[in-house]
2 protein chains.
Amino acid sequence: MQGHDENPGRHLIAKLNAFMRTTAGSEDAINDLASRRITSLDRGQDIISEGEEPRTVNLLVSGWACRYKMMEDGRRQILAFFVPGDLADLHVYILKAIDHSISAITPIKFARLTPKEFEEISDAHPKLLRALWWESLVTDSIQREWLVSVGQRDAIESVAHLACELFVRLKTVGLADGNQCDFPLTQIDIADALGMTQPHVSRTITKLNKTGFVSLKRGKLEVKDLAKLQKLAVFNPNYLHQLYDE
Amino acid sequence: MQGHDENPGRHLIAKLNAFMRTTAGSEDAINDLASRRITSLDRGQDIISEGEEPRTVNLLVSGWACRYKMMEDGRRQILAFFVPGDLADLHVYILKAIDHSISAITPIKFARLTPKEFEEISDAHPKLLRALWWESLVTDSIQREWLVSVGQRDAIESVAHLACELFVRLKTVGLADGNQCDFPLTQIDIADALGMTQPHVSRTITKLNKTGFVSLKRGKLEVKDLAKLQKLAVFNPNYLHQLYDE
DNA sequence: CGCGCCATTGACCTATTTCAACGAGGGTGG
DNA sequence: CCACCCTCGTTGAAATAGGTCAATGGCGCG
């Protein structure tokens, strides 16, 4: 078990394949990236905290995490979920202090790259660098789509949209098993991501499950009718900027 | 009048000064950037539209614009406001299709740079390139803070927060005159940015103006008690990542 | 066994939406 | 110069999505 992972970059590799289709030469480089300074954290611990000076680029190797901001009075907004293969803040070392925190939703492992390491590897693999930029632009695009959800979608649309997004993203990195995938979010996480309250998330999930398009519960998400779920969510996958061949 | 602008990059220069304090050598380069392929648009026209292949980096030279997304059923979410000195999508040419549109809120002028021009200039001025990255990261940070507004702040907090942000940003680019600045947004724009309805924006602005901290009306924003307004808005300027010496 | 965390559910409450009417101002064409 | 229209903002009344508060129950774990 305990033995070390032969292919820790496989989720990122799978994702970049949705962009460039030619990771071939870069696969070793990515696995190399994904092996540096591996750190493990338990659920609830922060990878980085607001106000720190950013020093590393973080690649999530296993587990889920979230980016969030706390308001002074304790309100929390989750800004993004990270799943394996996701990179946090490629260029953030330019800033003096980060304006948000990232914490583990499940036990996680992540690789911490110094800007220098990162530059070396990307200098040696210009195509990879371009792909990583793409990755970063997709992350921005997801951020924008979340604003659409919170600003325009009602409760059931929002929850359905989140389910669609995470399912597609997990599928892309090879972590969906047929029509189902892990789903470790609590209702509080969902509430803080979508700007709702936890009881209302509960009621909304109940209602959503009753449609039969999906079975969403803590731990496991099962998509039973993706087309209908997407329609309900007003989900348009363009914002994920993938190549569409499946 | 009609004569051409001697210093079209001054707003961007002022903004970058809040980051690097040494635009000296780069000022000419920025003014050069801001003179390329100047385009004028009337209110309501799109700079770029969803689905297009992005080809240029756009620098807003005068007027206001907004980035927005339309849902299939016509709901609109405004994702960002652009004021003079703002750059749209530094690296977006990596993507095959943009996932949002940008349109003019007032008559605008903007410069369109090809990726090539942009690279030439930034190769010649590495410090400038770094500053432009900073600019782009601040834009991302603003995007995140908007999600906090829409997800967590109630109506009066949201509107107050938007007023704070735009006032600070305009001040940074030299477009605030003492405690007041232009404010061309309609209540519909505000509503679509904050995920509210226009009538409720109207009621909320009335209530906000009654606090006496601010006078907000179409055309002009006047800040009467910035500290109290910021407190009401739960506004923490850190997310704008400026140097704080004033 | 008991504690803590998480989800469910009910009853009530309220911020915001919805629908609709009205009014002010600015521009245009007759 | 007036009439008209169109956009934008204001306001009221009624409706509702979602919030609040609180009790209950399941379940995993020390």
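The chains referred to below are lettered A, B, ... by the order of the sequence lines, with proteins before strands, and numbering in each begins at 1.
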Side-chain donor-acceptor pair present, A/Glu157, A/Ser149, cut-off under 3.5 Å: no
Could you report the tightest heavy-atom contact between A/Met196 and A/His200, atom names first, then the distance? CE-ND1, 3.6 Å
Rounded to the nearest Å, what distance is computed from the CG atom of residue A/Asp42 to the C1' atom of nucleotide C/dC5? 16 Å
Could you state the atom-to-atom distance from CZ of B/Arg153 to P of C/dA15 in whole Å? 19 Å
From CD1 of A/Ile188 over to C1' of D/dG19, roughly how many Å is that when rounded to an integer? 15 Å
Could you give all pairs that pass the salt bridge (Lys or Arg N to Asp or Glu O under 4.0 Å) test and reach residues 40-50 of chain A, with sequence neighbours left out? none
Does anything in residues 64-73 of chain A come within less than 4.0 Å of DNA chain C? Heavy atoms only, and list the residues if so. none
Closest-nucleotide 5' rank along DNA chain D - winner of B/Thr206 and B/Arg43: B/Arg43
Do the side-chain N and O atoms of B/Gln45 and B/Ser103 include a donor-acceptor pair separated by under 3.5 angstrom? no
What is the distance, to the nearest angstrom, from the CD atom on B/Gln187 to the C1' atom on D/dG9? 5 Å
Which heavy atom in A/Pro8 sits nearest to a heavy atom in A/Asp5, and how many Å separate them? CD-O, 3.4 Å
Just the rounded figure in Å: distance from P of C/dC6 to CZ of A/Phe183. 15 Å
Gap between atoms NZ and C1', on B/Lys217 and D/dT10 respectively (whole Å): 16 Å
By nearest atom, which of the nucleotides D/dG18, D/dC8, D/dG9 is closest to the A/Asp154 side chain? D/dG18
Scan nucleotides 17-29 of chain C nucleotide by nucleotide, 5' to 3', and note B when protein non-hydrogen atoms come under 4.0 Å of the base, S if they reach only the sugar-phosphate, - if neither. BB-----------
Distance in angstrom units between A/Lys207 NZ and C/dT9 P, rounded: 14 Å
Give a yes/no answer on whether the side chain of A/Ser202 brings an N or O atom under 4.0 Å of OP1 or OP2 in C/dT8. yes
Name the residue from A/Glu165, A/Glu145, A/Arg144 that meets the side chain to side chain donor-acceptor pair (under 3.5 Å) definition with A/Tyr239. A/Glu165
Quick one about B/Ser141 and A/Asp99 (side-chain donor to acceptor, distance below 3.5 Å, no hydrogens or angles considered), yes or no? yes
Find the distance A/Asp192:CG to C/dC6:P and express it as a whole number of Å. 12 Å
Could you tell me if B/Gln198 and B/Gln187 have a donor-acceptor pair between their side chains, going purely by distance under 3.5 Å? yes
Once the angle between the rings of B/Phe183 and B/Trp64 is folded into 0 to 90°, is it parallel (under 30°), tilted (30 to 60°) or perpendicular (over 60°)? perpendicular
